[in-house]
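Working notes for the structure below.
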Amino acid sequence: MTVENISVNKSFGGWHKQYSHHSKTLNCAMRFAIYLPPQASNGKKVPVLYWLSGLTCTDENFMQKAGAQRMAAELGIAIVAPDTSPRGDDVADDTGYDLGKGAGFYVNATQAPWNRHYRMYDYVVNELPQLIESMFPVSDKRSIAGHSMGGHGALVIAMRNPQAYQSVSAFSPITNPVNCPWGKKAFTAYLGRDTTTWADYDASLLMRQATEFVPALVDQGEADDFLTEQLKPEVLEAAAKVSGYPLTLNMQEGFDHSYYFISSFIENHLRFHAEHLAK
C-alpha cells in the first residue's frame with residue numbers, strides 16, 4: 001500500500017501528521033490525520049483514540065479546533081481522525097450538505113450509486129485501524145469518540161464491536177437517526193426504504209438491546225439549535241435505563257453545537273478515555 005505523508009507539524013512535544021492512502025474498502029484515495037504524543041517517540045506503543053467528525057467536516061476540523069493535543073501529550077494517547085466520507089471526482093454526491101461527500105454517516109451503503117464507495121463503517125472498524133497499527137508506534141488498545149454525525153458513528157461502532165474498544169464518548173451525537181430528518185434522508189439513500197435495515201446504525205436502538213457494554217460519556221449543549229429535531233439525547237438516556245448501559249449524559253447549559261463546546265470539554269473526554277485505556 002502506498003501511503004503519502006502530506007504534512008508534519010510539531011505540537012506539545014509530539015507530532016501532528018496528515019497522510020493520504022488508497023482505500024480498498026472505499027475504492028478511492030482517503031486522507032487521515034494522526035497526532036502522536038511525545039511518548040510515542042521513545043519506542044513505547046501508545047493507545048489510540050479514534051475521532052469521527054460531523055457533517056461537512058474533514059480530518060482537519062477536530063485537529064485544528066478542539067485543542068486536544070496538549071492533553072493527549074500529557075496522557076500519552078495518539079489521536080486518529082479520518083475524513084467523514086469518500087472523496088474523488090467519481091464518487092457519488094448530492095447537492096445537500098447532509099448527504100454524499102462530507103456526510104458518510106459511518107454506514108455501509110447497500111444502494112446504488114452509494115454502495116460503490118460509501119462503506120465508512122468497514123473503513124473505520126477494520127481498514128483504518130489495521131493501517132494505523134502497522135505504520136505507527138501504537139498498541140491495539142482503542143477508544144472512539146465523535147461529534148454530531150461522528151458521535152452517532154462512534155456510539156454505533158463501539159456498541160457493535162464491544163471487544164474492540166475500551167470506551168466511547170460523543171459530543172452532540174445524532175442518537176436516534178431512524179427518527180430524525182438527517183438520519184431518515186441519509187439512511188433512505190444509503191440503505192434503502194426497508195427501515196428494518198436501519199436499526200443496525202441507530203445508537204438508541206442498539207443501546208436499548210445491549211448485553212455487552214462499553215463505558216460511554218456524552219456531552220450535549222442545551223443551547224444546541226439541533227437538539228430537539230435532530231439529536232434527541234433523551235431517547236438515548238431512556239434506552240440506557242432499559243438495558244442498564246453505563247452511560248453518563250451531561251446536559252451543558254448555554255453551549256451550542258460548535259467547536260467552542262467541544263474545546264470546552266475535550267479534556268474531560270480525554271481523561272475519561274485515558275482511564276479506561278489504562279485498564
Side-chain angles (χ1 to χ4, degrees), residues 2-21 23 29-54 56-85 87 102 123-124 128-151 153-154 165-172 217 219 255 257-278:
T2 300
V3 181
E4 179 186 358
N5 183 212
I6 300 171
S7 67
V8 179
N9 302 94
K10 192 164 188 179
S11 178
F12 293 98
W15 295 94
H16 170 271
K17 301 181 179 184
Q18 271 186 319
Y19 290 88
S20 175
H21 74 105
S23 167
M30 283 296 287
R31 193 173 71 186
F32 67 87
I34 182 169
Y35 176 70
L36 292 167
Q39 295 86 340
S41 301
N42 301 324
K44 176 185 176 182
K45 289 190 174 183
V46 298
V48 183
L49 175 66
Y50 288 85
W51 174 270
L52 308 182
S53 287
T56 76
C57 292
T58 68
D59 62 291
E60 295 183 341
N61 296 73
F62 178 80
M63 291 300 200
Q64 294 181 6
K65 296 180 179 180
Q69 289 88 347
R70 178 185 63 82
M71 187 52 52
E74 178 181 321
L75 297 171
I77 298 174
I79 301 175
V80 172
D83 202 347
T84 54
S85 78
R87 307 277 180 173
Y123 178 72
V124 172
L128 183 61
Q130 291 170 8
L131 175 61
I132 297 298
E133 290 166 19
S134 69
M135 279 191 60
F136 301 102
V138 300
S139 71
D140 59 0
K141 280 203 167 185
R142 310 169 191 163
S143 289
I144 191 165
H147 172 230
S148 194
M149 177 186 71
Y165 299 94
Q166 303 296 115
S167 51
V168 58
S169 74
F171 289 88
S172 317
L217 170 65
D219 274 276
F255 284 92
H257 201 71
S258 71
Y259 267 82
Y260 294 107
F261 173 43
I262 295 171
S263 62
S264 296
F265 295 98
I266 191 62
E267 179 176 337
N268 295 351
H269 283 238
L270 288 171
R271 289 191 181 280
F272 165 77
H273 291 298
E275 176 185 349
H276 291 286
L277 286 165

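In this text the structure is predicted, and so the values were computed from the model without any measurement.
When all heavy atoms of His273 and Ser143 are compared, the pair lying nearest together is ND1-CB, 3.4 Å. The heavy-atom pair separating Gly151 from Ala170 by the smallest distance is CA-CB, 3.7 Å. Here the shortest heavy-atom pairing between Pro47 and Gly76 reads CD-O, 3.5 Å. Smallest separation of non-hydrogen atoms from Ala66 and Ile266: O-CG2, 3.4 Å. The two residues Gln39 and Leu75 make their nearest non-hydrogen contact at NE2-C, 4.2 Å. Across all their heavy atoms, Pro137 and Ala40 have their closest contact at CG-O, 3.5 Å.
Proximity of Lys65 to Ile262: side-chain heavy atoms (C-beta onward) are nowhere separated by under 4.5 Å. Using a 4.5 Å heavy-atom cutoff, the side chains of Met71 and Phe12 are not in contact.
Note that the OG atom of Ser23 and the CG atom of Leu131 stand 9.5 Å from one another [nearest 0.5 Å]. Rounding to the nearest 0.5 Å gives a distance of 9.5 Å between CG of Leu128 and CD of Gln130. Rounded to the nearest 0.5 Å, atoms CZ (Arg31) and CD (Glu4) are 11.5 Å apart. Separating the OH atom in Tyr165 from the CG atom in Leu49 is a distance of 10.5 Å, to the nearest 0.5 Å. Of the inter-residue distances, the one linking Asp83 atom CG with Asn61 atom CG reads 9.0 Å to the nearest 0.5 angstrom. For the atom pair CD1 of Ile79 and OH of Tyr50, the computed distance is 12.0 Å after rounding to the nearest 0.5 Å.
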Next item on the list: Let me see the working for Ser172 and His147 under side-chain contact (heavy atoms from CB on, under 4.5 Å), right down to the final yes or no.
Entry: CA-CA 6 Å; Ser172 317; His147 172 230; 4.1 Å; yes
Note to self: salt bridge (Lys or Arg N to Asp or Glu O under 4.0 Å), that's the test. Do Arg271 and Glu267 meet it? Break it down for me.
What the structure shows: CA-CA 6 Å; Arg271 289 191 181 280; Glu267 179 176 337; 3.1 Å; yes
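Put simply, the side chain of Tyr123 never gets that close to the backbone of Pro82: no donor and acceptor are under 3.5 Å apart. The backbone N or O of Cys57 lies less than 3.5 Å from a partner atom in the side chain of Thr84, making a donor-acceptor pair. A donor-acceptor pair under 3.5 Å links the side-chain atoms of Asn5 to the main chain of Ser7, judged by distance alone. Looking only at distances, a side-chain donor or acceptor of Gln69 sits under 3.5 Å from a matching main-chain atom of Met63.
Here the two rings, on Phe261 and His257, have centers that are 6.0 Å apart or farther. For Tyr19 and Phe136, the ring centers sit closer than 6.0 Å to each other.
Residues that satisfy the side chain to side chain donor-acceptor pair (under 3.5 Å) test with His269, not counting sequence neighbours, are Ser169, Asp219.
Residue pairs meeting the salt bridge (Lys or Arg N to Asp or Glu O under 4.0 Å) criterion with at least one partner in residues 5-16, sequence neighbours excluded, are absent.
Note on ring orientation: taking the six-membered ring where Trp is involved, the planes of Phe32 and His21 are perpendicular (angle over 60°, cut-offs 30° and 60°).
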